[in-house]
Amino acid sequence: MRHLINTQDFSIDEIKTIFEKANSYKRGDISEDLEGKLIITIFFENSTRTRSSFEVAAKRLGAEVVNLDVSKSSSSKGETLFDTAANLDAMNPDAIIVRHQDAGVPKILSNYVHCPIVNGGDGAHAHPTQALLDLFTILESFPNPKGKKIAIVGDIKNSRVANSNIELLSRFGLEITLVAPPHFMPRISAHKKTHYLHEVLDDVDIIMSLRTQTERHTNQIYASLKDYASDFCITKDLIGDRDILIMHPGPVNRNIDIDDALLADERSKILQQVQNGVFVRMAVLENLICR
Ligand code: NCD
């Protein structure tokens, strides 16, 4: 039984196969590959775009999707994770997509069910489909990504998106620089690091901005997000006429992560990421369920 818990679960060749399928879906070559299949989504942590992206992906391929409303579910009545898993499994789904505020939960669930588990984001650990759709979007602009330079900017230490991207993008040969204030910088990392955005601007092909994960902070690190923004907001003025792709997993804090002017600029790939997310998730589901 295959699961997608983190990006290492797929080899480079498997990812290329998934991307070929995603590309064919994007070209409009869509068949009901998941007709008659049942997919359950269970999101213990808030999400709008990831859950709806999975739901749209599954429905485009003809699957039935049941969203478990966790606020009304039995976990709030004291049911253990093990029992939740056993109960979901008893409904005989073809895949379960799970998001949880604690790292490791999708992996634990995968030990108790008879269908693929897809990690829709667990704590600060991993968000594999986000990294896959980010890589897919990068490949559309840079079909040969080896040696391309990307700066990942913001709350890297608390970001599952950063973790998954660092693993995946370095495997595909991208050179990564981490740009963050000391409190948001992971202590151990093999990648280049700086606290100053201006140091990387002349040297990067891509900037991936991240949202400050205030919900994962135990104490407030900046006096205000405005203070953070004065050092780390990616603005159109700062980028000037440089040819740099601007990415962000969403939700964007406007004028904190990226300013309005740059969000409206054609170098911003954020809506392309959202669009590609559906095709990549379609291909991931097809791969895990049908092969
Ligand atoms: C991210 C997440 O939830 O991990 N968003 C997403 O999945 N599109 C990033 C974030 O919340 O900042």
Side-chain angles (χ1 to χ4, degrees), residues 4-7 22 41-58 67 70 96-107 117-138 150-169 178-181 183-186 206-217 220-222 225 228-229 232-234 245-258 263 268-282 284-285:
L4 177 57
I5 307 298
N6 57 44
T7 42
T41 66
I42 180 160
F43 277 56
F44 293 89
E45 195 186 73
N46 280 344
S47 161
T48 28
R49 91 192 59 208
T50 302
R51 198 181 85 175
S52 44
S53 177
F54 271 113
E55 190 170 341
V56 170
N67 292 310
V70 180
I96 300 172
I97 298 155
V98 58
R99 167 172 286 198
H100 201 281
Q101 60 278 10
D102 296 333
V105 166
K107 173 79 191 146
I117 291 278
V118 183
N119 181 2
D122 61 331
H125 169 230
H127 194 350
T129 57
Q130 180 67 46
L132 288 167
L133 75 90
D134 290 338
L135 173 63
F136 183 88
T137 305
I138 290 170
I150 179 166
I152 302 183
V153 181
D155 189 358
I156 298 164
K157 191 170 151 187
N158 296 295
S159 170
R160 54 192 173 212
V161 175
N163 268 341
S164 287
N165 266 300
I166 290 168
E167 192 289 315
L168 186 66
L169 301 185
L178 307 179
V179 184
H183 286 93
F184 291 165
M185 189 67 92
I206 309 157
I207 293 180
M208 180 181 289
S209 166
L210 301 170
R211 186 180 62 88
T212 303
Q213 306 279 304
T214 40
E215 70 276 26
R216 292 186 223 289
H217 299 165
Q220 196 173 331
I221 291 162
Y222 270 82
L225 281 180
Y228 167 83
F232 295 97
C233 184
I234 320 291
L245 298 192
I246 307 295
M247 302 178 71
H248 193 296
V252 178
N253 281 330
R254 275 181 179 265
N255 302 312
I256 305 286
D257 306 335
I258 302 175
L263 284 169
S268 160
K269 299 293 166 198
I270 298 166
L271 290 179
Q272 195 176 317
Q273 289 172 266
V274 175
Q275 189 196 39
N276 287 337
V278 173
F279 299 117
V280 169
R281 290 184 171 112
M282 287 164 76
V284 164
L285 291 173

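Both counts, for ligands and for their atoms, begin at 1 and track the order of listing.
Here the shortest heavy-atom distance to atom 7 (O) of ligand 1, taken over His127, Gln130, Glu45, belongs to His127.
Among protein heavy atoms, atom 8 (N) of ligand 1 sits closest to Pro249 O, 3.0 Å. Scanning all protein heavy atoms for the shortest distance to atom 11 (O) of ligand 1 gives Arg211 NH2, 2.9 Å. The single protein non-hydrogen atom nearest to atom 2 (C) of ligand 1 is Arg160 NH2, 3.4 Å, given as residue, atom name and distance.
Those atoms of ligand 1 with a heavy atom of Thr50 less than 4.0 angstrom away are 6 (C), 7 (O), 8 (N). Near Arg49, with a cut-off below 4.0 Å to any heavy atom, the atoms of ligand 1 are 8 (N).
Taking any N or O of Arg99, backbone or side chain, at least one lies under 3.5 Å from an N or O belonging to ligand 1. For the pair Gly250 and ligand 1, the shortest N or O to N or O distance falls below 3.5 Å. Of the N or O atoms in Val161, none lie within a sub-3.5 Å distance of an N or O in ligand 1.
Residues Asp257 and His248 form a side-chain contact, since some pair of their non-hydrogen atoms from C-beta on lies under 4.5 Å apart. Annotation: side chain of Asp134 is in contact with side chain of Val161 (closest heavy-atom distance under 4.5 Å).
Geometrically, Arg281 engages Phe54 in a cation-pi contact defined by less than 6.0 Å to the ring centre and at most 45° from the axis.
With hydrogens and angles ignored, the 3.5 Å screen pairs no side-chain donor or acceptor of Asp122 with any backbone N or O of Ala103. Using modelled atom types, no side-chain atom of Arg99 and backbone atom of Glu45 make a donor-acceptor pair closer than 3.5 Å.
Inspection of the Thr41 and Asn67 side chains reveals an N or O donor paired with an N or O acceptor under 3.5 Å. Asn163 and Glu167 are not linked by any side-chain donor-acceptor pair at a separation below 3.5 angstrom, with hydrogens and angles left out of the test.
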